[in-house]
Amino acid sequence: MAKTVIVDYGSGNVFSVARALEIAGASVLLSAGTEDIVKADRLVLPGVGAFGAAWDLLVEKNLVDPVRAFIETGRPFLGICVGMQMMMERSEEFGEHPGLGLIAGSVRRIEDTGADGSPHPVPRIGWYPLRRRDVSWDGTLLENIGGEDAVYFVHSFAAAPADAGNLLADSDYNGRTITAAIVRDNAVGVQFHPEKSGPVGLRMLERFISL
């Protein structure tokens with residue numbers, strides 16, 4: 001059976017992600033081993049908290065190159081929350097930090113006000129529907145998702161890709177456009193948490209493990 005490896009580097013609730021993937025039908029392995037990561041059939045990079053702290057853990061465990069090497073194989077890759085943000089070139093959270101550099105652009109703080117200037121909470125927490133961008137969802141984990149389907153977000157920073165062709169989906173926050181999903185070839189990143197998004201999230205994970 002195909003093995004889905006979750007990078008267990010010390011950031012992110014890997015057990016929640018693993019349980020959701022198992023419910024979706026995956027055979028799951030939690031690992032920080034280079035060989036497990038490079039030889040995985042599918043790879044998931046989770047992450048919570050501050051970008052810099054998560055990146056430092058990935059560097060400390062010598063996992064940056066193995067993750068990049070896996071992505072270059074063309075096999076399915078999924079970044080979740082900070083794992084998605086690390087697909088970008090850099091982050092501006094508490095100083096500037098490098099990322100995996102898969103997608104040009106940076107990770108920036110969500111603005112403190114809506115489009116009308118009224119204040120809103122940051123971090124942004126809650127359920128929001130996804131909006132389709134110009135990039136097709138066919139062949140991605142969003143393929144079976146509709147415009148009314150809401151997913152769960154909790155974040156203070158969001159990705160800002162330089163090329164609109166890397167934007168898979170966004171969502172609205174009081175008139176502000178927030179990047180919800182990014183893509184480059186076989187690599188997809190989602191700012192929201194599919195493992196916390198109920199049946200909609202499980203549909204995404206089922207689709208991911210079928211890729």
Side-chain angles (χ1 to χ4, degrees), residues 4 6-7 11-26 28 42-49 51 54 76-88 103 105 107-111 114-115 120-161 164 166-184 186-211:
T4 299
I6 299 172
V7 184
S11 177
N13 190 344
V14 292
F15 297 107
S16 291
V17 176
R19 180 59 181 151
L21 281 163
E22 288 169 349
I23 292 171
V28 177
R42 298 175 190 84
L43 190 67
V44 178
L45 180 65
V48 297
F51 183 108
F77 172 86
L78 173 62
I80 298 175
C81 196
V82 176
M84 171 264 217
Q85 294 178 3
M86 289 194 289
M87 293 169 62
M88 304 295 293
I103 294 176
V107 178
R108 303 171 183 167
R109 192 176 192 278
I110 297 171
E111 295 191 56
H120 57 206
V122 177
R124 174 186 187 238
I125 301 173
W127 294 77
Y128 296 89
L130 299 177
R131 299 190 303 200
R132 192 183 301 268
R133 300 292 301 198
D134 294 335
V135 177
S136 173
W137 287 2
D138 292 346
T140 76
L141 75 168
L142 301 185
E143 184 172 86
N144 299 320
I145 304 304
E148 299 303 314
D149 288 325
V151 290
Y152 184 76
F153 292 83
V154 52
H155 61 124
S156 299
F157 285 73
N166 295 124
L167 283 167
L168 188 60
D170 63 29
S171 64
D172 177 80
Y173 190 37
N174 296 332
R176 301 286 190 189
T177 296
I178 303 292
T179 297
I182 55 178
V183 63
R184 197 202 83 175
N186 57 301
V188 174
V190 294
Q191 181 61 67
F192 53 89
H193 288 271
E195 77 279 9
K196 297 180 180 179
S197 296
V200 173
L202 286 178
R203 290 210 309 272
M204 292 180 189
L205 296 178
E206 287 168 357
R207 179 62 185 140
F208 174 67
I209 63 176
S210 73
L211 296 175

Partners passing side-chain contact (heavy atoms from CB on, under 4.5 Å) against V107 (at least two apart in sequence or in another chain): F51, Q85, M88, S91, F157
Work out which heavy atom in L205 is nearest to a heavy atom in A20; give both atom names and the distance. CD1-CB, 3.6 Å
Donor-acceptor pair, S171 side chain versus A180 backbone, under 3.5 Å? no
Which pair of heavy atoms, one from I209 and one from G25, lies closest together, and at what distance? CD1-C, 3.6 Å
D170 meets the salt bridge (Lys or Arg N to Asp or Glu O under 4.0 Å) criterion, sequence neighbours left out, with R131, R133
In terms of heavy-atom contacts, T179 and Q191 come closest through O-CB, 3.7 Å
From CG (L130) to CG (L142), nearest 0.5 Å: 6.5 Å
Backbone N or O of L168 within a donor-acceptor pair of the W137 side chain at under 3.5 Å? yes
Apply the test side chain to side chain contact (heavy atoms under 4.5 Å, CB included) to residues V154 and F192: give CA-CA distance (whole Å), side-chain angles for both, the deciding distance (0.1 Å), then the verdict. CA-CA 7 Å; V154 52; F192 53 89; over 6 Å; no
Rounded to the nearest 0.5 Å, what separation is found between the CG atom of L141 and the CE atom of M204? 6.5 Å
Applying salt bridge (Lys or Arg N to Asp or Glu O under 4.0 Å) to R132 and not counting sequence neighbours gives none
V151 pairs by side-chain contact (heavy atoms from CB on, under 4.5 Å) with which of S197, P194, P129? S197
When rounded to the nearest 0.5 Å, the distance separating CD of E195 from CD1 of I6 is 9.0 Å
Measure the CE-CG distance between M87 and L78 for me, rounded to the nearest 0.5 Å. 8.5 Å
Is it true that a side-chain atom of N186 and a backbone atom of P76 form a donor plus acceptor pair closer than 3.5 Å? no
State, with a plain yes or no, whether a side-chain heavy atom of L43 is found less than 4.5 Å away from one of V7. yes
Distance-only, no hydrogens or angles: does the R184 side chain make a donor-acceptor pair with backbone N or O of I103 under 3.5 Å? no
Could you please spell out the steps behind the side chain to side chain contact (heavy atoms under 4.5 Å, CB included) verdict for V188 and F208? CA-CA 10 Å; V188 174; F208 174 67; over 6 Å; no
Residues that R124 engages under salt bridge (Lys or Arg N to Asp or Glu O under 4.0 Å), provided they are two or more places apart: none
Just jot down the ring pair (Phe, Tyr, Trp, His ring centres under 6.0 Å) partners of H155, sequence neighbours excluded, or say none. F153
Who are the salt bridge (Lys or Arg N to Asp or Glu O under 4.0 Å) partners of E143, not counting sequence neighbours? R207
On a heavy-atom basis, the closest approach of G49 and V82 is O-CG2, 3.3 Å
Contacts of E22 that satisfy side-chain contact (heavy atoms from CB on, under 4.5 Å) - sequence neighbours left out: R19, V28
In short, R176 meets A115 closest at the heavy-atom pair NE-N, 3.8 Å
Qualifying salt bridge (Lys or Arg N to Asp or Glu O under 4.0 Å) pairs with a residue from residues 78-88, counting only residues at least two apart or across chains: none
With sequence neighbours left out, write down each residue that passes side-chain contact (heavy atoms from CB on, under 4.5 Å) with S136, or none if nothing qualifies. D138
With sequence neighbours left out, what residues match E206 under side-chain hydrogen bond (donor to acceptor under 3.5 Å, both in side chains)? none
Might you point out which heavy atoms bring V135 and A164 nearest each other, and give the distance in Å? CG2-O, 4.1 Å
What's the spacing between L211 CG and T140 OG1 if we round to 0.5 Å? 7.5 Å
Which distance, rounded to the nearest 0.5 Å, do you find between the CG of D172 and the CD1 of I178? 8.5 Å
Excluding sequence neighbours, so at least two apart, what forms side-chain hydrogen bond (donor to acceptor under 3.5 Å, both in side chains) with N174? H120
For D149, check side-chain contact (heavy atoms from CB on, under 4.5 Å) against everything at least two apart and list the hits. I145, V200, R203
Is there a side-chain contact between V190 and M84 (heavy atoms, below 4.5 Å)? no
